[in-house]
K.L.:
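Here it is: the structure, laid out below.
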Amino acid sequence: MRTTCLVVLAMLLGGFPSIVDAAAPTDARSYAIFAADDVSLKSYSLSRGDIYSGYNLTLDFSYGIQRPVQNVGDIYAAHNLATGGQCHVSGDIFANGDVSLDYWNEITGNVTYGGTLTYDDRGDIGGRLIHASGSVPTISLPKATIFSCGTQDISTSQSYDLQPGKYGQVTLGGLFKTLTLHSGNYYLESLTFTQTQYISLDLSKGPINVFVDGDISLYSGLDFYVNGTKFTDASSAEFRDLAASVLFESHGYVTIPGGFLNNFFGTIFAPNGKITANINEMAGQMIAGKSIEANVYMDFRPSSYLSTVPEPGMLTLLATAGIVLAAFARRKRK
């Protein structure tokens with residue numbers, strides 16, 4: 001009985017390999033871009049990391065939906081996947097439904113599809129074409145943070161130094177002003193920029209987590225300064241590790257509009273809403289409970305905060321494991 005219990009417990013906790021391994025990583029936090037609904041990446045987007053859509057995934061006309069060859073990233077769609085012309089994917093493609101590849105696409109890996117496959121022969125597929133159902137599993141999001149915000153509203157057209165704590169609606173106007181944030185946790189009702197603003201992150205004493213009960217609505221021309229240095233290159237060693245220490249979690253919608261003029265530093269997590277973003281350079285990840293529509297150059301830096309949040313499925317496994325251990329303990333006492 002003891003051996004049986006330990007084997008069951010090890011299997012529940014992932015101690016032994018499963019008989020059938022899913023193609024996709026089953027943790028939402030393992031993706032550069034993850035949406036429980038549609039993902040639509042616009043022209044000239046690039047993702048140095050895996051992409052997951054819980055429904056349809058669309059890559060527009062592009063030269064860049066890819067990762068460098070030495071860091072292959074894969075693309076997963078739980079329903080259909082379609083590309084525009086001249087998309088490059090340095091990795092594999094998986095879709096439970098149909099796959100449609102337009103002209104001059106370059107796919108370095110395999111294409112696995114559950115429905116029908118259509119592709120323009122002017123493109124190049126380096127791997128195999130595989131007809132197989134169920135290659136993309138349904139994946140749950142990390143749990144949303146439970147918190148309460150404050151009642152003190154802040155509205156200013158000047159640069160503002162905001163200390164960690166609880167606030168109501170935080171609204172910044174004024175052109176080329178700076179919102180300074182420090183190591184610690186922020187709990188806001190909403191965060192709004194009405195003109196081009198900058199965000200300065202002081203990470204000298206640890207991570208910065210911004211939790212917003214409503215929407216995050218920023219503005220075109222957004223720039224980040226990290227420990228006093230302007231963020232311009234996501235692949236730079238100067239910023240590579242620090243990006244994991246910054247989280248913006250919105251329980252509403254996240255909007256970053258305005259061409260290709262914005263930079264963003266850290267993870268955007270919208271467990272209940274949609275992310276709409278136009279970002280030139282980003283170090284972090286995007287995770288949404290609804291859809292993601294983005295024009296973004298993404299360098300995947302997984303959030304250190306979200307990595308501490310148990311997956312919903314893991315909570316069930318741990319509970320089941322506890323029941324098994326409790327039953328074993330009762331039998332041993334008898």
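Positions are given from 1, in the same order as the sequence printed here. Here the structure is a predicted model, which is why all the values come from computation and not from measurement.
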K.L.:
Can you list the other members of the hydrophobic cluster that holds Leu175, where links are side-chain heavy atoms under 4.5 angstrom apart?
P.N.:
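Direct or chained contacts put Leu175 with Phe176, Tyr198, Tyr225.
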K.L.:
Under 4.5 Å between any side-chain heavy atoms of Val111 and Phe94, yes or no?
P.N.:
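No. Closest side-chain heavy atoms not under 4.5 Å.
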K.L.:
Does Ala244 offer a backbone N or O that forms a donor-acceptor pair with the side chain of Ser304 under 3.5 Å?
P.N.:
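Yes: the side chain of Ser304 pairs with the backbone of Ala244.
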K.L.:
Return yes if some donor-acceptor pair links the side-chain N/O of Gln285 with the main-chain N/O of Ser303 below 3.5 Å, else return no.
P.N.:
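Yes; at least one donor-acceptor contact below 3.5 Å.
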K.L.:
If the condition is side-chain contact (heavy atoms from CB on, under 4.5 Å), which residues does Ser157 pass it with, not counting sequence neighbours?
P.N.:
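Ser157 satisfies side-chain contact (heavy atoms from CB on, under 4.5 Å) with no residue once adjacent residues are dropped.
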K.L.:
How about Leu181 and Ile199: do any of their side-chain heavy atoms sit closer than 4.5 Å?
P.N.:
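Sidechains of Ile199 and Leu181: in contact.
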K.L.:
Would you say Met286 and Met298 make side-chain contact, with heavy atoms under 4.5 Å?
P.N.:
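Answer yes - side chains close enough.
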K.L.:
Side-chain donor-acceptor contacts of residues 202-219 below 3.5 Å, not counting sequence neighbours, with atom names and distances?
P.N.:
| unit_1 | atom_1 | unit_2 | atom_2 | d |
| --- | --- | --- | --- | --- |
| Asp202 | OD1 | Ser204 | N | 3.1 |
| Asp202 | OD1 | Ser204 | OG | 2.7 |
| Asp202 | OD2 | His182 | ND1 | 3.1 |
| Asn209 | ND2 | Asn185 | OD1 | 3.0 |
| Asp215 | OD1 | Tyr253 | N | 2.7 |

K.L.:
I'd like to know if the side chain of Ser53 reaches the main chain of Asp37, judged simply by a donor and an acceptor atom lying under 3.5 Å from each other, with no hydrogens or angles considered.
P.N.:
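Side chain of Ser53 to backbone of Asp37, a donor-acceptor pair under 3.5 Å: yes, one is there.
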K.L.:
Checking Gln197 side chain against Gly173 main chain: does a donor-acceptor pair fall under 3.5 Å?
P.N.:
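Looks like yes, one N/O pair under 3.5 Å.
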K.L.:
Who pairs with Ser133 by side-chain contact (heavy atoms from CB on, under 4.5 Å), at least two apart in sequence or on another chain?
P.N.:
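Ser133: no side-chain contact (heavy atoms from CB on, under 4.5 Å) contacts found.
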K.L.:
Among all residues two or more places apart in sequence or in another chain, which pass the side-chain hydrogen bond (donor to acceptor under 3.5 Å, both in side chains) test with His79?
P.N.:
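If we apply the side-chain hydrogen bond (donor to acceptor under 3.5 Å, both in side chains) test to His79, skipping adjacent residues, there are no hits.
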K.L.:
So, using side-chain hydrogen bond (donor to acceptor under 3.5 Å, both in side chains) as the criterion, who are the partners of Glu249 when residues are at least two apart?
P.N.:
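Once residues adjacent in sequence are excluded, the partners of Glu249 under the side-chain hydrogen bond (donor to acceptor under 3.5 Å, both in side chains) criterion are Thr145, His251.
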K.L.:
For the residue pair Asn56 and Leu81, establish whether any side-chain heavy-atom pair is separated by less than 4.5 Å.
P.N.:
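No, their side chains stay 4.5 Å or more apart.
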K.L.:
Counting distance only, does the side-chain N/O of Glu293 pair as donor-acceptor with the main-chain N or O of Val39 below 3.5 Å?
P.N.:
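Looks like no, no N/O pair under 3.5 Å.
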K.L.:
Who pairs with Asn110 by side-chain hydrogen bond (donor to acceptor under 3.5 Å, both in side chains), at least two apart in sequence or on another chain?
P.N.:
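Testing Asn110 for side-chain hydrogen bond (donor to acceptor under 3.5 Å, both in side chains), a comparison that skips the adjacent residues, returns none.
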K.L.:
Tell me whether the count of non-hydrogen atoms from other residues, nucleotides or ligands lying under 6.0 Å of OH in Tyr119 goes above 12.
P.N.:
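Open.
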K.L.:
Please answer: with hydrophobic residues joined when any side-chain heavy atoms are less than 4.5 Å apart, are Leu101 and Ile130 in the same cluster?
P.N.:
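No.
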K.L.:
Given side chains that start at C-beta, do those of Pro257 and Thr255 come closer than 4.5 Å, heavy atoms only?
P.N.:
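Yes; the side chains approach each other to less than 4.5 Å.
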K.L.:
Keeping Arg29 on the side-chain end and Leu306 on the backbone end, is there a donor-acceptor pair under 3.5 Å?
P.N.:
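A pair under 3.5 Å: yes.
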K.L.:
Counting C-beta onward and ignoring hydrogens, is there a side-chain heavy-atom pair between Phe300 and Tyr31 closer than 4.5 Å?
P.N.:
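No - every pair of side-chain heavy atoms lies 4.5 Å or more apart.
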K.L.:
Between Tyr55 and Val99, is there a shared hydrophobic cluster once you connect ILVMFWY residues whose side-chain heavy atoms come closer than 4.5 Å?
P.N.:
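Result: no, two separate clusters.
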K.L.:
What residues form a side-chain contact (heavy atoms from CB on, under 4.5 Å) with Ser236, not counting sequence neighbours?
P.N.:
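Here the qualifying residues are Asp233, Glu238, Phe239.
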K.L.:
Taking the side chain as every heavy atom from C-beta outward, state whether Asp124 and Trp104 have any pair of such atoms under 4.5 Å apart.
P.N.:
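No; the side chains remain at least 4.5 Å from each other.
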K.L.:
Mind checking ring pair (Phe, Tyr, Trp, His ring centres under 6.0 Å) for Phe248 and listing every partner two or more places apart, or none if nothing turns up?
P.N.:
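Applying ring pair (Phe, Tyr, Trp, His ring centres under 6.0 Å) to Phe248 gives Phe264.
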K.L.:
Under a plain distance cut-off of 3.5 Å, with no hydrogens placed, do Asp98 and Thr116 share a side-chain donor-acceptor pair?
P.N.:
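The criterion, which ignores hydrogens and geometry beyond distance, is satisfied for Asp98 and Thr116.
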K.L.:
Tell me every residue that passes side-chain contact (heavy atoms from CB on, under 4.5 Å) with Ala234, counting only those two or more places apart in sequence or in another chain.
P.N.:
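Applying side-chain contact (heavy atoms from CB on, under 4.5 Å) to Ala234 gives Phe231, Glu281, Ala283, Asp299.
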K.L.:
Using the salt bridge (Lys or Arg N to Asp or Glu O under 4.0 Å) rule, collect all pairs that involve residues 144-173, keeping only residues at least two apart or in two chains.
P.N.:
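Checked against salt bridge (Lys or Arg N to Asp or Glu O under 4.0 Å) - neighbours excluded - no pair reaches residues 144-173.
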K.L.:
Any side-chain to backbone donor/acceptor pair from Asp50 onto Gly73? Under 3.5 Å, distance only.
P.N.:
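Side chain of Asp50 to backbone of Gly73: no pair is present.
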K.L.:
Between the side chain of Tyr103 and the main-chain N/O of Asp121, is any donor-acceptor distance below 3.5 Å?
P.N.:
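Checked: no pair found.
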K.L.:
Less than 4.5 Å apart, side chain to side chain, heavy atoms only: is that true for Leu222 and Thr196?
P.N.:
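Leu222 does not reach Thr196 side chain to side chain.
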K.L.:
Test of understanding: with ring pair (Phe, Tyr, Trp, His ring centres under 6.0 Å), list the residues that count as partners of Tyr186, not counting sequence neighbours.
P.N.:
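With neighbours one apart ignored, the set is empty.
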K.L.:
Check for a donor-acceptor pair, side chain of Asn263 on one end and backbone N or O of Met282 on the other, with a separation under 3.5 Å.
P.N.:
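No; zero donor-acceptor contacts below 3.5 Å.
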K.L.:
Any chance you could lay out the side-chain contact (heavy atoms from CB on, under 4.5 Å) test for Ile292 and Phe34, step after step, and finish with the verdict?
P.N.:
CA-CA 8 Å; Ile292 291 177; Phe34 179 99; 5.8 Å; no
